[in-house]
Peer 1: 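Before I ask anything, here is the structure I am working with.
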Amino acid sequence: SSDLFPSHDTREMTKYMNKKWYFLGCWLGVHMATAQSATSASEPVRYSLQACLDYAIQNNLTLRSSALSVESSRNTANQSQWLKYPSVNGGFNLNSFTGRNIDPFSNSIVTTAIGTNNMGVNASMPLFQGGEIKNTIQRNQLQVEADQFTYEAQKNNISLQVIVAY
């Protein structure tokens, strides 16, 4: 399997082997559990349509990803509201340098320490940006609505797939 690990990196090989054993253990565990439940259960479990729909909606990864996208766009829309307000930033730097020199008066080597510091404050306030801030806020609010519609559409598609399969 030299084509799997062209660099022969032992860490990559160890990761690959750990994944391999993990999946093998999961596969064996699932098959042993289903074999045991098949021999001990006399009646198969029946789920209602609503239970199937609830399970599919709660555990679908695409739907979860879409819900996170809605939450992210809400956060972006909330942050864009702050573009209207002034901002203040500040900073402070402290540096120390040590060096050796020849003293011109005594002709001996001396060690000298030099310290510097720097402070700064910056303030800005938007006066007029040609409606850019207002348009950015509106765009982000519309993005929230679009993501919510996408979420609902995906939820409806999953529900339809479950109903057809049921």
Side-chain angles (χ1 to χ4, degrees), residues 1-93 120-166:
S1 69
S2 63
D3 53 299
L4 284 175
F5 305 101
S7 65
H8 298 291
D9 186 6
T10 56
R11 286 179 284 167
E12 291 296 321
M13 292 176 75
T14 304
K15 282 183 189 177
Y16 176 76
M17 293 304 290
N18 287 342
K19 285 180 185 178
K20 195 173 180 181
W21 284 110
Y22 174 77
F23 287 122
L24 180 63
C26 288
W27 182 79
L28 284 174
V30 167
H31 283 356
M32 290 175 69
T34 55
Q36 189 177 27
S37 66
T39 58
S40 64
S42 59
E43 274 186 44
V45 177
R46 295 197 181 261
Y47 293 102
S48 67
L49 178 59
Q50 187 61 46
C52 292
L53 287 171
D54 292 340
Y55 181 81
I57 289 171
Q58 287 176 348
N59 296 310
N60 187 284
L61 295 179
T62 305
L63 203 56
R64 285 184 181 184
S65 175
S66 183
L68 289 175
S69 179
V70 170
E71 187 65 27
S72 175
S73 61
R74 277 190 189 134
N75 289 337
T76 302
N78 289 338
Q79 285 178 350
S80 65
Q81 294 291 329
W82 289 96
L83 294 173
K84 300 183 277 189
Y85 302 111
S87 66
V88 177
N89 300 311
F92 181 79
N93 293 323
V121 176
N122 181 23
S124 66
M125 180 175 160
L127 296 176
F128 179 71
Q129 293 180 336
E132 180 183 347
I133 294 174
K134 181 183 73 147
N135 291 336
T136 300
I137 292 170
Q138 285 178 345
R139 182 191 69 217
N140 290 339
Q141 289 171 344
L142 290 173
Q143 185 64 46
V144 170
E145 291 178 28
D147 287 345
Q148 287 173 338
F149 286 132
T150 301
Y151 174 79
E152 289 298 323
Q154 287 177 345
K155 189 174 173 182
N156 290 339
N157 286 338
I158 290 168
S159 297
L160 285 173
Q161 290 173 357
V162 169
I163 290 170
V164 167
Y166 190 75

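Position 1 is the first residue of the sequence; numbering continues from there. Treat the numbers as computed from the prediction; the structure is a model and nothing was measured.
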Peer 1: Rounded to the nearest 0.5 Å, how far apart are NZ of K84 and CE of M125?
Peer 2: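 These two atoms lie 13.0 Å from each other.
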
Peer 1: When you measure from the side chain of T76 to the backbone N and O of S72, does any donor-acceptor pair fall under 3.5 Å?
Peer 2: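 Such a contact is found between T76 side chain and S72 backbone.
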
Peer 1: Decide yes or no on side-chain contact (heavy atoms from CB on, under 4.5 Å) for N59 and R64, but give the supporting numbers first.
Peer 2: CA-CA 8 Å; N59 296 310; R64 285 184 181 184; 3.6 Å; yes

Peer 1: Any side-chain donor-acceptor pair under 3.5 Å between Q161 and N157?
Peer 2: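 Not at all, the side chains of Q161 and N157 share no donor-acceptor pair under 3.5 Å.
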
Peer 1: How long is the straight-line distance from NZ of K134 back to OG of S80, given to the nearest 0.5 Å?
Peer 2: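 So the gap between those two atoms works out to 13.5 Å.
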
Peer 1: Rounded to the nearest 0.5 Å, what separation is found between the CD atom of Q141 and the CG atom of N78?
Peer 2: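 Here the interatomic distance stands at 9.0 Å.
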
Peer 1: Working to the nearest 0.5 Å, report the span between CD of Q154 and OG1 of T62.
Peer 2: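 Going from the CD atom of Q154 to the OG1 atom of T62 covers 6.5 Å.
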
Peer 1: Heavy atoms only: give me the nearest A77-V144 pair and the separation to one decimal.
Peer 2: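 In this case the closest contact between A77 and V144 is CB-CG2, 3.9 Å.
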
Peer 1: Around atom CG of L61, are there more than 12 heavy atoms of other residues, nucleotides or ligands at under 6.0 Å?
Peer 2: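 Open: at most 12 neighbouring heavy atoms sit under 6.0 Å from CG of L61.
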
Peer 1: Of the non-hydrogen atoms in Y166 and Y47, which two are nearest, and what is the gap between them?
Peer 2: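 Scanning both residues, the minimum pair turns out to be OH-O, 2.9 Å.
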
Peer 1: What are the two closest heavy atoms between L83 and T136, and how far apart are they?
Peer 2: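 Closest heavy-atom pair between L83 and T136: CD1-CG2, 4.0 Å.
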
Peer 1: For S66 and D147, which heavy atoms make the closest approach, and how far apart are they?
Peer 2: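 S66 and D147 have their closest heavy atoms at OG-O, 4.4 Å.
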
Peer 1: Looking at every non-hydrogen atom in both residues, tell me the closest pair between A56 and V162 and how far apart they are.
Peer 2: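 What the structure gives for the nearest pair is CB-CG2, 3.5 Å.
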
Peer 1: Within this structure, what is the OG1-NZ distance for the pair T150 and K155, rounded to the nearest 0.5 Å?
Peer 2: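 So the OG1 of T150 and the NZ of K155 are separated by 14.0 Å.
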
Peer 1: Which ring-ring contact (aromatic ring centres under 6.0 Å, His included) pairs, counting each pair once, include a residue from residues 51-84, with sequence neighbours left out?
Peer 2: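 Qualifying pairs, neighbours excluded: W82-Y85.
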
Peer 1: In Å and rounded to the nearest 0.5 Å, what is the CD to CZ distance from E145 to R74?
Peer 2: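 Here the interatomic distance stands at 11.0 Å.
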
Peer 1: Using side chain to side chain donor-acceptor pair (under 3.5 Å), reason through D54 and Q50 one step at a time and then give a plain yes or no.
Peer 2: CA-CA 6 Å; D54 292 340; Q50 187 61 46; 2.9 Å; yes

